[in-house]
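Not measured: the values here are computed from a predicted model. In what follows, chains carry the letters A, B, and so on, assigned in the order in which the sequence lines appear, proteins first and then strands, with residues in each chain numbered from 1.
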Amino acid sequence: MNELFWVMQGYEIYIWPSYVLTLLSLGLLFVHSTKQLQKAKKLLKQLSKTKN
Amino acid sequence: MSLQSSFIQIFISHIKREFLINFRSLVDVIAIISFMILIVTLFVLGIGPFEEKLKLISNAIFWIGLILAIIPSLEKTLQKDYDNGWLDQATTSPTPMELILLSKSLAYWLIVIIPLLISLPLFIVLLNIKLKLIPWLLISLLIGGLSISLIGIIGSALTLGAKRGNILLPILIIPLIIPILIFGVGISEAVRINESPLGNLFLLIGFTLIYLVISPFISAFLIRIAISR
Amino acid sequence: MSLQSSFIQIFISHIKREFLINFRSLVDVIAIISFMILIVTLFVLGIGPFEEKLKLISNAIFWIGLILAIIPSLEKTLQKDYDNGWLDQATTSPTPMELILLSKSLAYWLIVIIPLLISLPLFIVLLNIKLKLIPWLLISLLIGGLSISLIGIIGSALTLGAKRGNILLPILIIPLIIPILIFGVGISEAVRINESPLGNLFLLIGFTLIYLVISPFISAFLIRIAISR
Amino acid sequence: MLYLKDVTIKRGLKTVFYNWSATIENSKVTIISGKNGVGKSTLLRAIAGMIPIEKGIVKNHDNEIFKDKIKWGQNLIYIDSKNGLSKDLTVFENLKTWSEMRGWKTSDNDLQKALDSVDMLNHKNLYVSQCSEGLKKRAALSRLYLSLLFDVGFWLLDEPTNELDQKSIILFNKLIQRFLENKGTILLACHELKLFNFNYELLNLDLLKKKN
Amino acid sequence: MLYLKDVTIKRGLKTVFYNWSATIENSKVTIISGKNGVGKSTLLRAIAGMIPIEKGIVKNHDNEIFKDKIKWGQNLIYIDSKNGLSKDLTVFENLKTWSEMRGWKTSDNDLQKALDSVDMLNHKNLYVSQCSEGLKKRAALSRLYLSLLFDVGFWLLDEPTNELDQKSIILFNKLIQRFLENKGTILLACHELKLFNFNYELLNLDLLKKKN
Amino acid sequence: MFDWLANPNRFNRITEKIQPCIFLIAIITLVSGLYFSLFDSPKDYQQGDAVRIMYVHVPSAWLASILYFSLAISCVFYLVWKHPLADLVSSSIAPIGALFSALTLVTGSLWGKPMWGTWWVWDARLTSMLVLFFFYLGYILLSNAFERKIDGSKTASVLAIVGLINLPIVKFSVDWWHTLHQPASIIKIGGPSIDDKMLLPLILMIFALSFFSLYMIILNVKTKLIEKKCEALLLKSNLEEISKAG
Ligand code: HEM
Ligand SMILES: Nc1ncnc2c1ncn2[C@@H]1O[C@H](COP(=O)(O)OP(=O)(O)OP(=O)(O)O)[C@@H](O)[C@H]1O
Ligand SMILES: Nc1ncnc2c1ncn2[C@@H]1O[C@H](COP(=O)(O)OP(=O)(O)OP(=O)(O)O)[C@@H](O)[C@H]1O
Ligand SMILES: [Mg+2]
Ligand SMILES: [Mg+2]
């Protein structure tokens, strides 16, 4: 990858943050929601165990 | 022995009730007028008393003043009637809540608009408003005021049963009010640059009509939720 | 067995109480920030989106936003504590009412100022505020906010007992607030035209100090009247 | 006969009644008693239609009462400790606006008689903000007299006697007597049973809720 | 001994007491009774220092009580139907902030005991907005227990028993008993005298005011 | 369709099957979209490389709008037909939509600085996106502001529906404002003024974000269904305890 690509005509301080921010927030959303699902599943298992 | 009144009569008696509570004397009229004057003062002082600057913002002042005069007081009566149990009485009566809420918003419209109309000459002088603008200003404030109070009652009902409702209210209500402000300002702008303000006026009327139809139903629905807590 | 706390402790515990009631969660911070943003939006939409105009009024927007954020909520807590009898409890206790009211106004100052400071960068972007203005804006909003809440509590106490309080409140306090607005706007104007803002700043500080001293006494006096009704 | 069958009523997150049944006889007074927080007020508000009944049915004779809410509203008066009086109106104005709100055309004469029935005629022009607690309660109870003139079948009263003095209790008893003569049904939540000089059914929620 | 000598007390424009005198014995319970609007609450508020006494003097032993308001405030607890509870705080938080407001350093343990004394420990974390009327009243009355730990000489209670159930009335009686053992003085406005199982002086305003 | 899906079991069964597909499509389009937008798309003749921000900005803006529409529709389903699942759907959509509208605002600002020399301009689109963001925020705050979840859901749904009526009016009215913004170029399908090669990454990114959102919504609804089951179990055991104790 050449230097020119990263610099992007001097717009790099605008372009990279927007991409990073977008991808980062999507990633965080994904991780957070998956964790939430796992937690809920675990709780359900526990509850149905104590019931029986 | 059942001498039932018609809906119209119930409606009018409700408006009368709001007037009895909020509009007992001349003091109340004066209070609203001075409130508007003070909003103007606040702006003028915040901006600096230069005429060119003032001209730019005189529209905004009117509309923001109207919003600040109608919505907080509308919210307050609804909250009061919720706290003192009047809304409980209304739900446990044969009268539809929709009717009561419609009369409440119309009453508040009148309560604010009447003093405003009385004092319009004063503002015309204070803000140096051009004569040709006056009829349009009048009509747009009249109609806009109605839709502000119709929306205001939705907002108050939305936050009535909510935790920290008072702090949520502006967030919910300002986005709903934006079109009124824009159409209203649009009317005056059009007149100023000698174009026809009718387009904006019709839009404002249409907007108001939409809320005239939906507001009572929506707010009655919301109030039933608040009461069921 | 009498483990009396000092006044400072009582004072802090009061501020804690207000925070418990009004600042329970992040939601409250978000709500206040959003409120300020929406006030800005409302103004901009009323005035028109042109940068030159905006520059003229960005100061005014800040100050009016601050006033609208502090005073209505301050009024509301005082009214609530009056209605639910908390103020009765305070008068029939060994703690001076002055202390309680001072803590209330400081609490409200903090409750509004903290979110405002957090979100200042946002407003700088939204209103296109020049960098050199920022430290002065910060300091004048901090100090001005304090005097607004000190004045606000006088106004709220004034209207507590009055029957038509809700409408009277702004009328009674806006004259008191006007000097703050003038000094505050004066500071930013001075910076803008590259003059020294210190004169206005000292006036603002002096003004605030005066209210810091007299406000608790005046409002305690007014509240005793309200309670004795 | 008011039947409550397998009703579940929630208050906030708390389930106050769970699959609970009861019957309330018509043309009688039923006093709901029980310890603080057991659900007396909740029950009254639910029957009045303010709190939703999550499950179960409430029937009056054979009609589900919430099928036609307007009709049921016509048929009942609900008064609780909030009174429903506006502080900024006088006692008389409060009664008048209340009766207008219900759509009743009452003459000023009727209104005065109503106020007289709870000995409030002297205080007719007092603002509610200037009334003592007992006077407020009496101003609220004056509605009961008005309802005698119209076709109301139910009174739902939540602790109506709390602030009343001895004389007002007697007047209140008289109003109840008249309503019973009109074949009205009264549900009344109260802690102090000795105040009433008529026969009543007792609905003790403490006992009833344990049974289920 | 609390002496009221030739006091005139106004409420709004109305003169409720005019050149009126009475004595209230220390270390006893005095129940103030009388019909609605006679001035029970006004009297209590005046003694508590909230309503000004236009003319006349109020003395405790030989001290005019309003000479040193802070000391008098230290010496009394006033509770009326408004309760003084913030809806947005829990029962526990309300009690805690209240005791902090009075400048009392109470441990959490004391606060819990206070709540227990009115059987509110289970409802400790309930928001006041979620309490039933009786629970609210009990939350307010829990202050009485705290005052036993500190040097308070007077309880001024305006209709404290209104919403209480039977069990709470017993607990309330116990609190009063303990306060009397501490040589405390209680002034209590109430319509229902049968609720109390101790000796009390009766101050019937109906009779007293006619006499003057 | 909604009626049919409203059965939680059926919902779980069907989504179990399609979820991996959705995820796969999202990943493929995202990776290829990123490739094209960063490496293989032409510079704009005016904006140069800065135009690359468009490939995250415009899809976010679209999704923010589309998701609000879906949110409001699902609120209608909830209020009118009282499907409990519809509420779970709306409350799953709201945070994602809010995220996208926030992203639009932020990336737009990042675009505006090099293009206009200012982070923010009170232009029509920006203002209406700000308003949209506040509708999302209002929905989220309001739905959590009640003690009972159901009250919050109902109230917030009302707000969302009012917003559905109001937002187009806001958008339309705010358009009265003179705008610095570029004319809507995709909409002019007749002759798109942008390069075809710019269109490809744009479309890919729109697909990527849409499928990603769909996947996340399904995931969140699943989580909420399970949480609901847990609550029901807890309540049941509580009530059993109460009846035993009584
Ligand atoms: C906070 C700032 C901004 C917001 C909220 C915003 C909002 C939007 C929205 C909602 C759209 C989609 C419009 C549609 O599909 O019809 C859009 C598209 C677009 N925006 Fe922005 N924008 C912002 C800043 C900018 C900036 C600074 C630029 C650069 C000059 C820009 C350039 C564009 C372009 C080229 C499009 C695509 C045109 C189209 O699809 O019709 N935006 N923007
Ligand atoms: N704020 C006020 N302004 C004017 N008059 C008032 C005000 N508050 C009370 N009053 C009047 O003063 C009198 C005494 O009221 P007070 O509340 O002391 O009565 P009370 O004996 O406590 O009655 P109750 O048994 O109903 O509680 C009443 O006639 C009442 O109408
Ligand atoms: N808004 C609310 N949110 C949550 N829980 C509530 C709410 N209101 C009441 N509760 C609870 O519901 C239960 C029943 O309350 P209710 O008011 O019906 O009691 P009550 O029998 O009338 O008591 P009281 O004798 O004290 O008036 C109580 O435990 C109370 O704490
Ligand atoms: Mg109750
Ligand atoms: Mg009293």
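Of the atoms belonging to Ile174(B), not a single heavy atom falls under 4.5 Å from chain F. If you measure heavy-atom distances from Leu222(B) to chain F, the contacts under 4.5 Å come from the side chain alone. Proximity to chain B involves both the backbone and the side chain of Phe146(F), based on heavy atoms less than 4.5 angstrom apart. Heavy atoms closer than 4.5 Å to chain F are found in both the backbone and the side chain of Leu176(B). Both the backbone and the side chain of Val170(F) come within less than 4.5 Å of a heavy atom in chain B. Using a 4.5 Å cut-off between heavy atoms, Leu167(F) does not touch chain B at all.
With Ile148(B) as the partner, the side-chain contact (heavy atoms from CB on, under 4.5 Å) test is satisfied by one option alone out of Ile173(B), Ile70(B), Ile143(B): Ile70(B).
Interface remark: of the candidates Leu132(F), Val131(F), Ile150(F), Asp151(F), Asp151(F) forms the most heavy-atom pairs closer than 4.5 Å to chain B. Counting heavy-atom pairs closer than 4.5 Å to chain F, the top residue among Ile178(B), Leu172(B), Ile154(B), Ile171(B) is Leu172(B).
When all heavy atoms of Leu78(B) and Ala157(B) are compared, the pair lying nearest together is CD2-N, 3.8 Å. Nearest heavy-atom pair, His57(F) versus Thr104(F), reported as atom, atom and distance to 0.1 Å: ND1-O, 3.3 Å.
Using a cutoff of 4.0 Å between basic side-chain nitrogens and carboxylate oxygens, Asp87(F) and Lys228(F) are not scored as salt-bridged.
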Practice task
Output, in order, the C-alpha distance, side-chain angles, deciding distance and verdict of side-chain hydrogen bond (donor to acceptor under 3.5 Å, both in side chains) for Asn220(F) and Tyr215(F).
Solution key: CA-CA 9 Å; Asn220(F) 284 345; Tyr215(F) 181 80; over 6 Å; no

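Tyr211(B) has its ring centre less than 6.0 Å from the ring centre of Phe207(B).
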